[in-house]
There are 2 protein chains.
Amino acid sequence: MGDPRTRLEAMLARLRERKFRITPQRLAVLKILSESRGHPGVEAIYRQVQRDFPTTSLATIYKTISLLKELGEVLELGFPEGGNRYDGNRPYPHPHVVCIRCRKIMDLDLAGFEGLSREVSAKTGFRIVNHRVDFFGICPECQEKNRKSVLP
Amino acid sequence: MGDPRTRLEAMLARLRERKFRITPQRLAVLKILSESRGHPGVEAIYRQVQRDFPTTSLATIYKTISLLKELGEVLELGFPEGGNRYDGNRPYPHPHVVCIRCRKIMDLDLAGFEGLSREVSAKTGFRIVNHRVDFFGICPECQEKNRKSVLP
DNA sequence: CTTCATGCAAAACATTTGCAGCTGG
DNA sequence: CCAGCTGCAAATGTTTTGCATGAAG
């Protein structure tokens, strides 16, 4: 933590450092990932990139994301049903809340979560290298919509 | 909690109660899910059922598991890479440790985990209905294997 | 007997890959 | 220039589905 650069600059620096080319398509993807707080999916990124570069293919989006994953510059939130989501702002594991109605995904700061990996290590003997913590539910907005449509 | 019946009996009772037929194939899947503590995958269940009923198809395994999911009698641990795993003993969300080397999955009893859903609700306003908590790492056995093969 | 389950094959769908042609540095 | 990137299309792999046959109750 405490890196003074913006996430976009950090990503670009990592690409240069590893001698990967910075193409217009890649730059567009990096910008979206570094600016968005909403954990966009591949399709959302695709549509947004196409506004500026209409010939861009889905394969290129996938390849760029895959590259960023290898560089450790994006966190992939994979779901068994597909439709993976991406976080370019905090590219390290952290808890999320997922709205099962509108598919919104928010970051979560959980008090006293840090010690958990250690507790798991101590209890199981596993060397823990990663974790995934998701809470699923209905967000305030969707609860409100539901209330309006159910009660007259 | 405190149900005196075995898991197998509970599953069978649920099927009867909802007027679903108890076929030999279904019984075989139920037995495997209720007896195994190892979170078997579809392929593992398939191979085991085929020992007794060689004509059984993968589709039937999927359909049976899907039925048990609807009845709330099995917990599905889906993974983005596929190869979902199933828990017939504790068919409600709970934390797991996953060995990324041998794919072993173990249940995890985490002190003071119960309060978390409430904390998330309070912080985000979400109505939480489900959660998924996995820790990934190397199990003691795989650490040992690795040590042997790396050091002479 | 009638309805529901099985088993086969084909479909579905997100993601990956192969390759010819293009382009960043 | 030319290694590496793009875009297209075809492949992949798990899970789902349609339908004719078969068996549970």
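Each chain gets a letter, A, B and so on, in the order the sequences are listed, and its residues count up from 1. These numbers come from the heavy atoms of this one structure, side chains and all, not from hydrogens, waters or symmetry mates.
Between A:Asp109 and A:Arg90, at least one side-chain nitrogen of the basic residue sits less than 4.0 Å from a carboxylate oxygen of the acidic one, meeting the salt-bridge criterion. For the pair B:Glu73 and B:Arg7, the salt-bridge criterion is met [side-chain N within less than 4.0 Å of a carboxylate O]. A:Arg101 has no carboxylate O lying under 4.0 Å from a charged side-chain N of A:Glu141, or vice versa, which leaves the two without a salt bridge.
Cluster membership check: B:Ile100 does not share its hydrophobic cluster with A:Val133, using side-chain heavy-atom separations under 4.5 Å among Ile, Leu, Val, Met, Phe, Trp and Tyr.
Under 4.0 angstrom from either OP1 or OP2 of C:dG24 there lies no side-chain N or O belonging to A:Thr23. Considering only side-chain N and O atoms, B:Arg26 lies under 4.0 angstrom from the phosphate OP1 or OP2 of C:dA5. B:Ser57 has no side-chain polar atom (N or O) that falls below the 4.0 Å cut-off from OP1 or OP2 of C:dC8.
Here the C1' atom of nucleotide C:dA14 and the CD1 atom of A:Ile45 are 14 Å apart, to the nearest Å. Summarising the geometry, the separation between CG on B:Leu15 and P on C:dC4 is reported as 15 Å, rounded to the nearest angstrom. Summarising the geometry, the separation between CZ on A:Phe53 and P on C:dT23 is reported as 13 Å, rounded to the nearest angstrom. The distance from atom OH of B:Tyr62 to atom P of C:dG7 is 15 Å, rounded to the nearest whole Å. Distance, B:Lys63 NZ to C:dA9 P: 13 Å, rounded to whole Å. Between the CZ atom of B:Arg18 and the P atom of C:dC4 there is a distance of 14 Å, given to the nearest Å. In this structure, B:Gln25 places its CD atom 12 Å from P of C:dA5, rounding to the nearest Å. For the pair A:Tyr46 OH and C:dA14 P, the interatomic distance rounds to 13 Å; values are reported in whole Å.
Residue contacts shown for B:Ser66 are absent, as no nucleic acid heavy atom lies under 4.0 Å away. Across all strands shown, A:Glu81 has no heavy atoms under 4.0 Å from either base or sugar-phosphate atoms.
In this pair, A:His39 and A:His94 present their aromatic rings tilted. The plane angle is within the 30 to 60° band.
For B:Asp134 and A:His131, the side-chain atoms include no donor-acceptor pair closer than 3.5 Å.
Residues B:Leu58 and A:Phe20 both approach DNA chain D. Their nearest nucleotides, taken by heavy-atom distance, put A:Phe20 toward the 5′ side. Nearer to the 5' terminus of DNA chain D, by closest-nucleotide assignment, is the contact made by B:Gly82 (compared with the other of B:Gly82 and B:Ile22).
In this structure, OH on B:Tyr86 lies 4.0 Å from CD on B:Glu76, to the nearest 0.5 angstrom.
Chain A approaches DNA chain D within less than 4.0 angstrom (heavy atoms of the protein), and the contacting nucleotides run 5' to 3' from D:dA3 to D:dC8.
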